[in-house]
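A short worksheet on the structure shown next.
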Amino acid sequence: MAFVKDIFEKNFIDYASYVIRDRAIPELEDGLKPVQRRILHTLFTTDDGKFNKVANVVGECMKYHPHGDASIYGALVVLANKELFIDKQGNFGNMYTGDSASAPRYIECRIKPLARDILYSPTVTNYVPSYDGRNKEPVTFPAKLPLVLIMGAEGIAVGMSTKILSHNVKEVIEAEKKCLRGQKFTLYPDFPTGGLCDVSDYQDGLGKIVTRAKLDLTDEKKIVITELPFGSTTETLMNSIEAASKLGRVKISSINDYTSNSANIEIKLPRGVYAKDVVPALYAYTECEQSISCNLLVIKYNMPVRMTVSDVIKYHAENLKKILKKELEAERAEQIEKLHLRTLERIFIEERIYKAIENQKTAEDVDKAVRSGFVKFQKELVHDIKDDDVEHLLKIPIRRISLFDINKNRDEVTAINARIAEIDKLLADLTSYAIATLSALDAKIDKSLKIRHTEIAKFEVFNKKDVIRRDIALRYDDKGNLGTKVSGGSVIMQVSPYDRIFFIRKNGMYSITSETPSKLFVGPDMWACCLGDKESLNKVLFTIIYKDPSNKCAYIKRCRIGGYIMNRDYMIVPEEMEILHIDTRDTFGFTLTYKKGRLKNAPTESFNAAEYAEKGLKAQGVRLNPKEVISIDVSDEALEKAMEKPKDIDSLGQKQLF
């Protein structure tokens with residue numbers, strides 16, 4: 001068993017690590033998941049400037065991605081709809097309506113030049129063999145922008161998940177430039193569907209946001225949704241509105257979708273209902289308002305790490321300088337090698353060193369003759385002659401030797417030296433070069449991608465209980481059924497679907513429902529019911545007069561109902577007691593009639609309830625008199641005997657319940 005347990009533990013760790021690093025969580029370096037990276041790598045390697053069928057791209061990508069064509073196709077459509085790296089042609093779906101893309105054989109795509117500027121740099125990219133060893137793929141692209149913030153990401157792994165919201169590309173570039181200058185910066189999400197966004201609790205990417213649809217209220221009898229909240233489509237939004245309408249939470253007469261290239265949902269209102277009155281309910285009960293929690297989890301140095309937006313910007317600002325330094329150093333080495341070859345060619349042709357190889361018989365003698373010819377010109381060379389240099393010189397065609405232009409060679413050498421000097425200058429001030437690079441990338445990005453779509457705003461919170469109307473009749477019939485769908489019976493009060501209902505039976509048993517019941521059997525002995533939220537119940541002082549069957553004496557108990565568990569039965573007095581009367585007035589009087597003696601009339605005694613102190617809910621009642629009680633009278637005559645006639649007290653702001 002221990003052996004099997006070890007196998008399971010090892011395999012599960014391997015599986016979890018693979019899902020986290022290679023499937024669900026994006027890489028901080030380039031902001032891409034493996035399937036997205038492989039798609040872009042495929043587009044780079046097959047790019048000829050023309051559109052390719054998506055089906056062909058998917059087929060080529062399967063050389064690198066071992067998880068089937070469906071996952072590649074889905075990821076390619078999502079990546080293309082970001083419109084940052086991929087040009088698309090055909091129906092790639094509609095982000096407003098949620099319509100899916102056409103089949104891959106009908107649509108086409110190609111890589112944008114901007115993608116090469118941001119991602120493609122083979123000289124500084126680390127490549128590894130693909131899953132079958134036949135090809136090579138990049139570990140990560142050396143991205144010059146924090147794509148994880150620009151594109152956003154969402155994924156569920158084993159034991160962790162990520163939810164990264166998209167940000168405006170121009171604002172991200174400006175934030176990174178400010179970071180390089182040592183200035184403060186702030187970034188907030190931006191979504192292609194527009195809408196409104198409250199970022200009060202964004203917490204730099206680790207909190208939550210509230211998004212809302214943008215509404216046109218020009219016509220007070222009509223509401224037009226012109227922009228969608230993040231995460232919704234016109235279909236899901238309309239379904240939520242229709243569902244709320246059926247439940248009576250939002251009053252509408254009709255809803256129509258006229259969406260094409262932009263959102264346009266028209267809601268018509270019934271007679272007597274106006275737009276300003278419906279808006280709070282739309283935000284409270286439909287997808288017109290959504291709360292989205294964020295979790296900026298990325299793979300950093302091969303490990304999952306939770307970061308803030310500011311941390312990502314700072315990391316990429318430093319990483320950009322490292323990437324640019326590697327590119328400059330690689331270009332400098334390339335320029336130096338080019339200078340070395342141009343110098344070799346000039347000396348080889350000008351000094352007629354090629355003449356020395358005419359009479360040589362073997363390859364070794366030819367190599368030796370070439371090297372010997374450069375001995376006296378050693379000081380002019382950039383570095384020592386290598387085997388590759390000799391091979392390069394021997395491959396120069398006779399035509400090029402006969403047409404050699406010394407002035408052209410010198411111009412090339414001058415240009416190379418100028419570029420090397422420029423590279424040295426850039427290496428000396430990488431920060432300025434990084435800022436200039438970001439500005440150049442900003443200039444190449446389409447203006448449509450740089451426009452902010454989502455408006456930052458501060459919202460007034462609409463609580464569901466605050467905006468709902470209590471316009472549903474709560475009924476109680478002779479059979480003991482209580483609810484909004486009870487037919488016949490008497491109307492107890494007007495309620496909303498979210499109200500908690502308190503009811504108490506004649507035996508002293510009470511309960512509080514979690515929501516307004518549609519039809520609940522409470523029994524034919526219900527004494528009364530009212531709203532059951534804690535605020536309402538705490539205002540009610542219950543006075544219970546009951547009789548103990550063992551000694552026939554009457555007791556009084558005054559208490560309030562505090563803590564409780566919903567949908568559970570409680571007793572307001574000790575079990576097996578006989579309830580004589582329940583009242584919710586702070587002050588009232590009552591008269592008890594005791595058992596009469598052999599020769600006497602039945603004695604009576606009047607009491608003032610206000611004279612008895614309020615106690616806890618679990619406390620015992622106070623005995624009123626040791627005599628055996630026959631009956632209780634709370635009529636007006638009985639009240640007058642005990643005190644002045646009191647005013648009716650509406651403890652719950654409703655009709656007197658008892």
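It should be emphasised that the depicted structure is a prediction, and the values quoted were computed from it without experimental measurement.
No hydrogens or angles considered: a donor-acceptor pair under 3.5 Å links the side chains of Q203 and D201. Donor-acceptor pairing under 3.5 Å is lacking for the side chains of N94 and D99. Residues R306 and N295 have side chains that bring a donor and an acceptor to within less than 3.5 angstrom of each other. Looking only at atom types and distance, the side chain of S514 has a donor-acceptor partner in the side chain of N567 under 3.5 Å away. N91 and S102 form a side-chain donor-acceptor contact under 3.5 Å, judged by distance and modelled atom types alone. Between the side chains of T593 and T604, no donor-acceptor pair is found at a separation under 3.5 Å. S496 and D499 form a side-chain donor-acceptor contact under 3.5 Å, judged by distance and modelled atom types alone.
Checked by atom type and distance alone, the side chain of D477 never pairs as donor or acceptor with a backbone atom of V486 at under 3.5 Å. A distance-only check finds a donor-acceptor pair linking the side chain of S511 to the backbone of R568 [under 3.5 Å]. H581 places no side-chain N or O within 3.5 Å of a backbone atom of I545 that could act as its donor or acceptor partner. Here the side chain of R560 pairs a donor or acceptor atom with the backbone of N538 at under 3.5 angstrom. K557 places a side-chain N or O within 3.5 Å of a backbone atom of I572 that can act as its donor or acceptor partner. Listed for the R452 side chain is a donor-acceptor partner under 3.5 Å among the backbone atoms of T454. With hydrogens and angles ignored, the 3.5 Å screen pairs no side-chain donor or acceptor of K539 with any backbone N or O of K534. Panel note: side chain N81, backbone F92; a donor-acceptor pair is recorded below 3.5 Å.
Between K552 and E628 there is no salt bridge, since no side-chain nitrogen of the basic residue lies less than 4.0 Å from a carboxylate oxygen of the acidic one.
Both the sub-6.0 Å distance and the 45° axial angle are not jointly satisfied by K547 relative to the ring of Y555.
Applying the side chain to side chain donor-acceptor pair (under 3.5 Å) test between R558 and each of T543, D586, D583 identifies T543 as the sole match.
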Given T233 and T97, is the side-chain hydrogen bond (donor to acceptor under 3.5 Å, both in side chains) satisfied, shown in steps?
-> CA-CA 5 Å; T233 63; T97 63; over 6 Å; no
Show your reasoning for whether side-chain contact (heavy atoms from CB on, under 4.5 Å) applies to M493 and I501.
-> CA-CA 11 Å; M493 57 182 165; I501 305 300; 4.0 Å; yes
Would you check, one step at a time, whether the test side-chain contact (heavy atoms from CB on, under 4.5 Å) holds for I107 with Y73?
-> CA-CA 11 Å; I107 54 180; Y73 166 64; 4.2 Å; yes
Take V210 and Y283 through the test side-chain contact (heavy atoms from CB on, under 4.5 Å) and record every step on the way to the result.
-> CA-CA 11 Å; V210 179; Y283 287 142; over 6 Å; no
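L206 and L296 make their closest contact through CD2-N, 3.9 Å (heavy atoms, listed as atom of the first residue, atom of the second, distance). Minimum interatomic distance between T484 and L474 (heavy atoms only, all atoms of both residues): N-CD1, 4.1 Å.
Aromatic ring centroids of F502 and F542 lie under 6.0 Å apart.
Around atom OH of Y106, no more than 12 heavy atoms belonging to other residues, nucleotides or ligands sit under 6.0 Å away.
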